[in-house]
Structures are given as structure tokens and as C-alpha cells.
Amino acid sequence: MSSESEHAARGRIGGVIVAWVGAVVIGVLIALLTPVGQRAAWLTIGLAGCLVLSFAVQLWSGRAEGFISRVALSLLGSFIVLGLFSVGFGLAALG
């Protein structure tokens with residue numbers, strides 16, 4: 001694998017990871033700033049924010065090849081991250 005293709009692969013994955021890190025930040029902010037009864041609604045809004053972030057990062061990269069796949073992977077990871085926060089919120093509410 002050449003140096004150019006390694007750099008291109010890192011650039012594609014980097015944009016996906018940015019969305020996942022954004023989801024973690026959104027989840028932490030929801031945990032710290034929202035009342036317990038409103039967390040589910042804010043998680044939905046947070047996922048919408050991850051959608052916008054995913055599109056923005058992928059459009060900013062300027063690569064058309066694999067755009068849909070990268071956005072889908074970004075959103076899947078964000079959904080999983082915020083889902084784990086949701087599980088944590090639910091377990092905390094039980095205890």
C-alpha cells in the first residue's frame with residue numbers, strides 16, 4: 001500500500017471518528033446539563049446534531065467517492081454511542 005493511499009484511508013476514517021467523538025461530547029453534555037426526565041428527548045436532538053456534524057465533516061473533506069458510506073458509518077457509530085448513554089441513563093434511573 002502506498003503512502004498516498006494510507007493517507008487517504010486515514011482521512012476517510014478521521015471524518016467518521018470526528019462524528020463519534022462529537023456523539024460522546026453530546027452524551028456527556030446531556031448527562032451533565034439536562035434534568036433526568038428530559039434526557040431521552042435531548043438524546044434525540046443530540047442524534048440530529050450528529051447527523052448535521054456528519055454531513056458537515058464529510059462535505060468539508062471534499063471527497064465524493066464513498067460519501068454515503070462514510071455518512072452512514074458516522075451515524076451508525078453515533079447511534080451506538082448515544083444508545084450506550086441511554087442504557088446508562090436507564091440503569092442509573094433504576095438504582
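A distance of 5.5 Å separates CG in Leu43 from CZ in Phe89, rounded to the nearest 0.5 Å. The line from CD1 of Ile26 to CH2 of Trp42 is 10.5 Å long, rounded to the nearest 0.5 Å. To the nearest 0.5 Å, atom CG of residue Leu47 and atom CG of residue Leu75 are 7.0 Å apart. Atom CG of Leu73 and atom OG of Ser78 lie 9.5 Å apart (nearest 0.5 Å).
Using a distance-only test at 3.5 Å, with no hydrogens or angles considered, no donor-acceptor pair links the side chain of Arg63 to the main chain of Gln58.
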Tell me, with the steps shown, if Leu82 and Cys50 meet side-chain contact (heavy atoms from CB on, under 4.5 Å). CA-CA 10 Å; Leu82 291 177; Cys50 290; 4.3 Å; yes

Walk me through it: do Val24 and Trp20 pass the test side-chain contact (heavy atoms from CB on, under 4.5 Å)? CA-CA 6 Å; Val24 170; Trp20 296 352; 5.9 Å; no

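Nearest heavy-atom pair, Ile30 versus Arg39, reported as atom, atom and distance to 0.1 Å: O-NE, 3.9 Å. Contact record, Gly22 with Leu53: CA-CD2, 4.1 Å, taken as the closest heavy-atom pair.
Val87 and Val81 are not part of a single hydrophobic cluster, where members link through side-chain heavy atoms under 4.5 Å apart. Under the 4.5 Å side-chain heavy-atom criterion for ILVMFWY residues, no single connected hydrophobic cluster contains both Val36 and Leu94. Linking Ile, Leu, Val, Met, Phe, Trp and Tyr residues whenever their side-chain heavy atoms come within less than 4.5 Å leaves Trp60 and Val57 in two separate clusters. In the hydrophobic clustering of this structure, Leu32 groups with Phe85; members are Ile, Leu, Val, Met, Phe, Trp, Tyr whose side-chain heavy atoms approach within less than 4.5 Å, directly or through other members. Follow the hydrophobic side-chain contacts under 4.5 Å out from Leu84 and you reach Leu76 in the same cluster.
Open room surrounds CZ on Phe79; 12 or fewer heavy atoms of other groups in view lie less than 6.0 Å from it.
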